[in-house]
Amino acid sequence: MSAQTEIHAPSLPSPPGENAGEEIPRIVPVRRTGQWAAAVVVLLLLAGALVSVVRNDAFQWGVVGEYLTTDAVLRGLGLTLWLTALVMVLGFALGTLLAVFRLSGNRVLQAVSWGYIWLFRSTPILVQLLFWFNIGALYPQILGVDTVNLLSPITVAVIGLTLHEAAYAAEVVRGGILSVERGQLEAAQSLGLGPWRRLRRIVLPQAMRSIVPPAGNMLIGTLKGTSIVSIIAVQDLLYSVQLVYHRTYEVIPLLLVATLWYVAVTSLLSIGQYYVERHYARGTAGTR
């Protein structure tokens with residue numbers, strides 16, 4: 001008799017619960033007792049701090065509410081917003097030009113741009129403002145024009161803040177331009193686009209993805225940084241509340257008025273920055 005070979009099909013595992021008496025493993029979530037305890041402690045500390053602030057009579061919340069929307073404070077807030085917007089526009093316009101000079105093939109333009117950025121990033125903004133405010137002492141006349149009373153405090157603030165902002169904006173724009181792939185520039189060159197059209201049509205729209213986040217941070221920083229112009233008697237938000245508490249001696253509540261307005265505006269700017277970043281980040285991984 002010839003030997004017969006038996007072929008056995010491979011046995012498949014039985015689905016869970018098919019065999020009688022088989023115990024189904026139960027998934028037990030990991031206990032995070034330490035994290036919950038830390039969260040409770042932090043919430044208790046925050047609640048205690050909030051209650052202390054609300055119930056402390058030294059904050060004089062009634063005075064805060066009284067002066068929060070007065071004409072003097074609102075005028076100071078309006079000047080702060082106007083100054084912030086103007087400085088950002090002028091600063092980024094000059095900064096973009098400096099970034100283009102820095103990336104150009106012209107050694108002179110590169111050196112001028114590098115020197116400008118180095119100088120204005122190395123000097124405190126307060127020192128720059130004081131120099132511009134006292135420009136008449138350095139150069140009483142320029143081209144026959146009397147400079148002693150030529151620049152008003154608000155003009156000095158615009159000039160000083162803009163020149164300072166441009167130095168940082170130049171590095172932000174330069175970093176954004178360098179983030180654009182080289183192949184994009186080569187493709188634009190193959191289409192016969194000139195340097196300025198390549199910059200405007202190809203480079204800057206793609207560079208905005210890298211420019212917007214630091215630019216948003218600079219905008220918020222500029223808003224708060226404008227408070228330094230109070231040193232040269234520009235009636236911004238901080239200087240406006242200072243005028244009030246020099247007269248009423250209610251220092252703490254008036255400082256709280258300025259603080260609340262700064263917090264409100266920076267919060268709105270942060271929300272706007274989030275949506276602008278999401279707009280320029282469309283199509284990238286992790287975009288929400």
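The chain is numbered in sequence order, starting from 1. Model, not experiment: these values are computed from the prediction.
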Query raised in the report: Is a side-chain donor or acceptor of T155 paired with a backbone partner of L151 at a separation under 3.5 angstrom?
Result: no
Query raised in the report: Given L74 and W261, is the side-chain contact (heavy atoms from CB on, under 4.5 Å) satisfied, shown in steps?
Result: CA-CA 10 Å; L74 293 180; W261 276 119; 3.8 Å; yes
Query - Min side-chain heavy-atom separation L223-T266 under 4.5 Å - result: yes
**Report entry** Check: V156 and I135 side chains under 4.5 Å, non-hydrogen atoms
**Finding:** no
Report task. Please report the shortest heavy-atom distance between N56 and A58, naming the atom on each side. Result -> OD1-N, 2.9 Å
Query raised in the report: Between T222 (side chain) and M218 (backbone), is there a donor-acceptor pair under 3.5 Å?
Result: yes
Query - Heavy-atom check, side chain of L237 versus side chain of V257, under 4.5 Å - result: no
Query raised in the report: Is the shortest distance from a Lys or Arg side-chain nitrogen in R121 or E171 to a carboxylate oxygen in the other one below 4.0 Å?
Result: yes
Query raised in the report: Sub-3.5 Å donor-acceptor pair from the side chain of T162 to the main-chain atoms of I159, do we have one?
Result: no
Requested in this report: Would you indicate whether D57, at its atom CG, is surrounded by more than 12 heavy atoms from other residues, nucleotides or ligands within a distance under 6.0 Å?
Outcome: no
**Report entry** Any side-chain heavy-atom pair of Q242 and S230 under 4.5 Å
**Finding:** yes
Query raised in the report: Where the side chain of Q128 meets the backbone of F120, is there a donor-acceptor pair that is under 3.5 Å apart?
Result: yes
Query raised in the report: Do F131 and L126 have side chains that get closer than 4.5 Å, going by heavy atoms?
Result: no
**Report entry** Backbone of L98 reached by a side-chain donor or acceptor of S113 within 3.5 Å
**Finding:** yes
Query raised in the report: In terms of heavy-atom contacts, does CH2 of W82 have more than 12 from other residues, nucleotides or ligands at under 6.0 Å?
Result: yes
Query - Cluster link V108 to Y116, ILVMFWY, side chain under 4.5 Å - result: no
Query raised in the report: Can you check whether V53's main-chain N or O pairs, donor with acceptor, with W61's side chain at less than 3.5 Å?
Result: yes
Requested in this report: Check whether L83 and L90 end up in the same hydrophobic cluster, where Ile, Leu, Val, Met, Phe, Trp and Tyr are linked by side-chain heavy atoms less than 4.5 Å apart.
Outcome: yes
Query - Flag, side chain of D236 to backbone of Y239, donor-acceptor distance under 3.5 Å - result: yes
Report summary line: Closest non-hydrogen contact found for A207 with S179 is CA-OG, 4.4 Å
Query raised in the report: Hey, any chance Y168 and V112 share a hydrophobic cluster, counting ILVMFWY side chains that come within less than 4.5 Å of each other, even indirectly?
Result: no
Query - Cluster overlap L238 with L243, hydrophobic side-chain contacts below 4.5 Å - result: no
Query raised in the report: Do you know the tightest heavy-atom contact between P214 and V172?
Result: CG-CG1, 3.7 Å
Query raised in the report: Got a donor-acceptor contact below 3.5 angstrom from the Q273 side chain to the P213 backbone?
Result: yes
Requested in this report: For the residue pair I220 and S270, establish whether any side-chain heavy-atom pair is separated by less than 4.5 Å.
Outcome: yes
Query raised in the report: Got P124 and V127 here, is their nearest side-chain heavy-atom distance under 4.5 Å?
Result: yes
Query raised in the report: Just by distance, do the side chain of Q110 and the backbone of S104 share a donor-acceptor pair under 3.5 Å?
Result: yes
Query raised in the report: Using the benzene-type ring in the case of Trp, are the ring centres of Y245 and Y249 under 6.0 Å apart?
Result: no
Query raised in the report: Is atom CD1 of I231 surrounded by more than 12 heavy atoms (other residues, nucleotides or ligands) closer than 6.0 Å?
Result: no
Query - Shortest non-hydrogen contact between L254 and V63, atoms and distance - result: CD2-CG1, 4.4 Å
Report task. Mind listing the closest non-hydrogen atom pair of A170 and A99 along with its distance? Result -> O-CB, 3.5 Å
Query - Side chains of L256 and L68 in contact at under 4.5 Å (non-hydrogen atoms) - result: no
